[in-house]
Amino acid sequence: MSRYAPSEIEPKWQSAWNEAEVFLAKRDESKPKYYVLEMFPYPSGRIHIGHVRNYTMGDVVARFKSSTGHNVLHPMGWDAFGMPAENAAMASGGHPGTWTYQNIDTMRDQMKPLGLSIDWTREFATCDPEYYGQQQAMFIDMLDKGLVYRKNATVNWDPVDMTVLANEQVIDGCGWRSGAPVERRELTQWFFKISDFSEDLLEAIDGLDNWPEKVKTMQRNWIGKSRGLQFAFSIVDAPAHHDRIEVYTTRPDTLMGASFVGISADHPLAKELAAENPEIAAFCEECRKGGTTEEAIEKAEKLGMNTGLTVRHPFDTSWELPVYIANFILMDYGTGAIFGCPAHDQRDFDFATKYGLPINYVFEPADGALNDKEAFVPLKSEKVNYIRGFAGEEVQTGEEGVNSAVDFCEANGVGHGVTKFRLRDWGLSRQRYWGCPIPVVHCEACGVVPEKKENLPVRLPDDVTFDKPGNPLDRHPTWRDCTCPKCGAPAKRETDTMDTFVDSSWYYARFTAPHATTPTVKEDAEYWMNVDQYIGGIEHAILHLLYSRFFARAMNETGHLPDKSREPFNALFTQGMVTHAIYENAERKNENGRTIYHYPDEVEERDGDVFVKATGERIKVIPSAKMSKSKNNVVDPVAIIQQYGADTARWFVLSDSPPERDVEWTASGAEAASKHLARVWRLAAEVGNAPETGKGDEELLRATHKAMFEVTQGIESFGFNTSIAKLYGFTNTISKSQAGREAKRFALKTMAQLMSPMTPHLAEEMWSMLGGEGLVAQAPWPVPDEAMLVEDTVTLPIQINGKRRDEISVPKDMPKEEVEKLVLENDAVKKALDGGSPKKLIVVPGRIVNVVI
RNA sequence: GCCCGCGUGGUGGAAUGGUAGACACAGAGGACUUAAAAUCCUUAGGCCGUAUAGGCCGUGCCGGUUCGAGUCCGGCCGCGGGUACCA
């Protein structure tokens with residue numbers, strides 16, 4: 001072979017690894033274990049470049065850890081339940097399962113050529129009955145422990161299709177298929193009691209030392225611990241059943257600025273009033289319009305209706321406040337009722353302005369004047385001057401004001417201080433087919449009864465159709481029919497399936513014993529857990545990671561995970577997303593009136609405008625968005641792999657952009673990556689041409705040790721792009737070096753090792769060409785000799801008043817005084833001083849000198 | 001709306017509070033070649049300048065802290081992610 005030929009060497013080394021079972025993970029108490037996990041993919045159909053980036057990063061870590069003496073577990077599986085499979089079945093017939101397993105086969109075939117160091121014997125899909133049956137077993141254990149319960153919750157209801165919609169299926173407040181305005185409707189649903197763990201989940205964040213600060217901040221805010229006051233307003237001329245309205249407030253210090261009380265349209269009082277008053281009933285209906293997302297509710301126009309009722313202010317019974325029903329108050333949070341203080345809350349301010357309610361300022365800036373055109377909402381940590389305060393100092397922080405107000409109210413019999421969390425219980429019911437069936441039975445006599453464990457898995461039926469909207473399990477002629485596990489009487493199965501977040505909340509634990517007949521196996525979980533390095537997208541910062549943290553706790557309490565695994569991920573790295581422009585057809589919609597999106601390779605650019613190649617239709621380009629199948633802006637890496645090889649693709653996705661940052665995908669550069677790898681290969685192939693000994697052996701040796709140090713540092717800190725930059729530099733050094741054969745051979749063998757996590761096939765090829773022993777994948781990582789890293793002289797830049805003017809070269813450990821002397825003799829410095837002496841002379845040893853004049 | 005990020009040459013980006021632009025892409029110029037491909041070399045933030053002299057400006061915008069700010073603090077602007085049924 002006379003040139004770099006990835007299509008020949010890549011399959012060759014992949015077989016060599018397979019034969020040597022290099023990536024097979026076996027328990028081995030003699031070595032420290034290391035569990036690397038990348039968030040498993042949804043089998044959407046084809047891998048995209050974001051997958052390549054994600055899994056290559058994990059592979060670099062896995063291979064690096066393996067060569068530093070760790071027993072590595074690096075598995076792969078499929079997050080296989082979910083809506084797209086049902087959508088595909090609706091769009092083109094067929095069964096979601098067939099679609100899913102075909103996608104998995106395709107994607108596995110696309111991934112394997114990448115040469116990832118994965119133990120494929122542990123592969124599973126969450127839609128395998130073997131997996132979801134164990135999930136059902138855990139559900140039953142959690143039900144026994146009181147961690148699961150049923151209550152009412154709101155869903156998006158499509159009144160035309162008579163079906164529940166996912167938030168994604170609500171577009172501009174309307175159902176995606178019917179186009180009808182969506183309503184919020186209550187349904188009895190299953191919940192996990194994640195709120196039992198609010199405090200624990202919050203406090204334990206402090207211990208997550210190797211998690212990104214931003215993720216921890218987001219989780220803290222999401223859990224949202226707040227201290228406030230819960231108290232009741234008594235109602236004037238109270239209707240039957242309701243003499244008081246219980247409210248919760250985080251700002252009791254603003255009680256003297258209250259100007260109205262607002263209740264949710266789903267509040268029991270609102271419902272009672274609606275029953276007698278058609279106008280109120282109509283308004284409550286109006287409030288239920290629109291989707292369930294926080295965003296939709298927050299952004300919707302704030303509407304209220306005066307109920308005609310009034311309540312007494314707790315401090316002054318002659319002061320009456322009107323009671324409004326308002327569309328922005330959620331029954332799910334707090335008590336479903338608030339008091340409004342327009343002076344210090346912008347939303348309340350807008351509401352008060354709209355409905356002509358008074359605005360009474362409670363405090364003003366400690367220095368400066370109020371602007372009464374808007375609410376005054378300072379940080380809670382900021383000192384303010386209370387002009388209508390009732391507890392604590394006149395000038396105090398908002399936080400102090402709140403605490404004094406709670407104490408005062410408690411002392412005066414107005415409610416009590418309570419701690420609340422924003423975090424709500426996790427609703428896991430889905431009215432859909434393609435998910436894990438909730439293993440319970442509804443019996444007329446016994447009520448809700450869990451299925452017997454020996455009857456698990458409760459399998460999804462295969463004979464289902466998707467020609468009608470709604471849940472096929474509900475329509476199935478016989479699947480629901482069963483007998484009560486308790487009394488044996490005829491009963492009906494639950495038709496709700498589980499949220500797919502349940503599937504992904506414990507897969508990391510299942511990988512430690514993927515084919516066991518219990519959810520986990522004690523010894524395996526004990527050995528392999530926790531995940532030492534978890535890698536995934538920042539888009540999962542809250543939901544997936546929080547649910548997983550909860551689930552690990554629940555599994556611990558039901559005996560499926562050891563105590564140490566209550567926090568399952570020791571270290572987390574959130575890689576950036578690969579983004580790409582979205583190409584929206586500007587001239588045409590599809591038959592349902594929906595926007596048409598085009599794939600990147602379907603369009604072309606002409607004179608600054610973008611057109612569809614086939615039809616010439618104009619395209620509206622929406623720049624830089626997360627790659628998403630529904631927007632068709634995914635880039636297929638298979639062509640790159642076929643043209644240049646896996647190593648080029650791997651090298652390319654790691655180089656240039658820092659792993660944590662989003663990257664806008666551009667295809668230019670793959671060619672250059674390939675050229676570079678060919679150059680490195682050539683250097684290795686030509687090493688024999690070098691003379692026996694040469695000039696610069698010592699220099700090359702030093703450069704080699706420096707490369708070991710710098711590349712290792714990059715890998716350890718997830719700076720793969722900088723590691724690669726150093727490898728480019730090292731390549732240039734070798735290429736220019738006049739050193740002899742042995743020095744070059746050593747440099748290139750080191751190069752092979754340092755490149756092996758990123759371009760493992762090329763590394764093996766070089767290793768074997770250069771006479772390396774065994775597989776480079778199993779060779780120990782090169783460790784630099786500290787003595788070779790020390791530089792004798794350093795270049796010190798000289799700044800004058802903070803601007804670089806000159807530089808001097810001095811021995812590395814020259815004392816400060818001598819450096820100062822040298823600096824004062826420097827021409828540029830002398831010229832600037834003009835005979836005078838400097839105001840200040842700053843010498844930072846080994847770094848910089850600054851002369852202040 | 002709210003929470004969390006990000007913003008540096010034509011482009012991707014580098015830079016423990018210490019020489020801004022490493023390393024690369026695209027570009028320009030050159031060598032080799034009958035030619036091309038491949039390869040190698042040189043060059044490059046902007047402005048002024050005959051300039052490898054010298055000077056000024058420069059990390060989204062405005063201000064602050066510091067001997068020194070891309071980096072820390074405050075306020076804006078723009079973009080991205082999440083917002084509990086997309087995964």
Side-chain angles (χ1 to χ4, degrees), chain A residues 3 39 41-42 44 79 81-84 155-156 164-170 189 194 212-215 217-222 224 291-300 302 328 332 346-347 422-432 499-501 504 537-544 546-547 574 576-577 579 623-626 628-630 655-658 660-664 666 668-669 671-673 675-676 678-679 682 719 721-722 724-729 732 735 795-799 801-807 838-842 844 846-853:
Chain A
R3 56 187 191 86
M39 291 179 184
Y42 179 79
S44 53
D79 189 11
F81 274 136
M83 283 200 320
V155 293
N156 300 307
V164 177
L165 298 178
N167 286 334
E168 194 190 43
Q169 297 170 320
V170 179
Q189 310 232 64
I194 190 170
E213 215 46 57
K214 63 183 167 190
V215 174
T217 306
M218 281 190 257
Q219 292 218 352
R220 284 191 187 103
N221 292 340
W222 185 262
T292 57
T293 65
E294 188 184 77
E295 185 191 4
I297 291 161
E298 282 288 328
K299 280 192 174 166
K302 309 293 178 286
F328 55 86
D332 293 338
Q346 194 56 45
R347 185 186 63 189
R422 203 186 82 96
L423 179 65
R424 307 198 296 260
D425 276 333
W426 173 8
L428 70 118
S429 289
R430 296 293 180 268
Q431 293 70 44
R432 272 187 267 285
D499 178 7
T500 55
F501 273 123
S504 55
I538 186 66
E539 67 269 30
H540 296 294
I542 298 176
L543 293 181
H544 162 63
L546 192 62
Y547 288 152
T574 53
M577 282 169 301
T579 63
S624 204
K626 174 172 91 163
S628 154
K629 198 159 160 57
S630 62
S655 57
D656 289 353
S657 37
E660 69 277 9
R661 199 181 301 182
D662 290 351
V663 286
E664 170 79 19
T666 52
S668 63
E671 174 91 28
K675 278 184 189 172
H676 176 75
R679 184 175 175 221
R682 224 166 26 243
N721 57 323
T722 55
I724 284 182
K726 299 297 181 191
L727 285 165
Y728 269 107
N732 290 338
S735 168
T795 304
L796 288 187
I798 298 179
Q799 293 185 333
N801 287 338
K803 295 201 177 216
R804 185 183 164 280
R805 288 295 181 240
D806 204 354
E807 58 184 37
K839 259 191 221 160
K840 208 169 176 182
L841 187 55
I842 294 152
V844 184
R847 300 300 288 178
I848 204 164
V849 177
N850 192 6
V851 186
V852 186
I853 294 171

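A, B, ... follow the sequence lines: proteins, then strands. Residue 1 opens every chain.
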Taking the minimum atom-to-atom distance to the side chain of [X], which one of [options] wins?
{"X": "A/N221", "options": "B/G18, B/C3, B/C57", "result": "B/C3"}
{"X": "A/Q799", "options": "B/G13, B/U19, B/C85", "result": "B/U19"}
{"X": "A/M218", "options": "B/G18, B/C86, B/C4", "result": "B/C4"}

Item to check | Nearest-Å distance once atom P is located in both B/G60 and B/U11 | outcome: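 Here B/G60 and B/U11 have their P atoms 13 Å from each other.
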
Checklist entry - C1' atom, B/G27 versus B/G12: distance in rounded Å? => result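 My reading of the C1' atoms in B/G27 and B/G12 gives 15 Å.
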
In whole Å, I'd like the distance from the [atom1] atom of [X] to the [atom2] atom of [N].
{"X": "A/E671", "N": "B/A24", "atom1": "CD", "atom2": "C1'", "value": "14 Å"}
{"X": "A/L423", "N": "B/C3", "atom1": "CG", "atom2": "C1'", "value": "15 Å"}
{"X": "A/E660", "N": "B/G81", "atom1": "CD", "atom2": "P", "value": "17 Å"}
{"X": "A/I542", "N": "B/C2", "atom1": "CD1", "atom2": "P", "value": "16 Å"}
{"X": "A/E213", "N": "B/G5", "atom1": "CD", "atom2": "P", "value": "9 Å"}
{"X": "A/D656", "N": "B/C25", "atom1": "CG", "atom2": "P", "value": "9 Å"}
{"X": "A/R847", "N": "B/U16", "atom1": "CZ", "atom2": "P", "value": "8 Å"}
{"X": "A/R661", "N": "B/G5", "atom1": "CZ", "atom2": "P", "value": "15 Å"}

It should be established whether [X] places a side-chain nitrogen or oxygen under 4.0 Å from OP1 or OP2 of nucleotide [N].
{"X": "A/K214", "N": "B/G5", "result": "no"}
{"X": "A/N732", "N": "B/A24", "result": "yes"}
{"X": "A/N850", "N": "B/G18", "result": "no"}
{"X": "A/K675", "N": "B/A26", "result": "no"}
{"X": "A/T500", "N": "B/A87", "result": "yes"}

Item to check | Cationic N near anionic O, under 4.0 Å, A/E660 to A/K214 | outcome: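 A/K214 and A/E660: not salt-bridged.
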
Checklist entry - With nearest nucleotides of RNA chain B determined for A/T217 and A/R682 from heavy-atom distances, which residue corresponds to the more 5′ nucleotide? => result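 That would be A/T217.
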
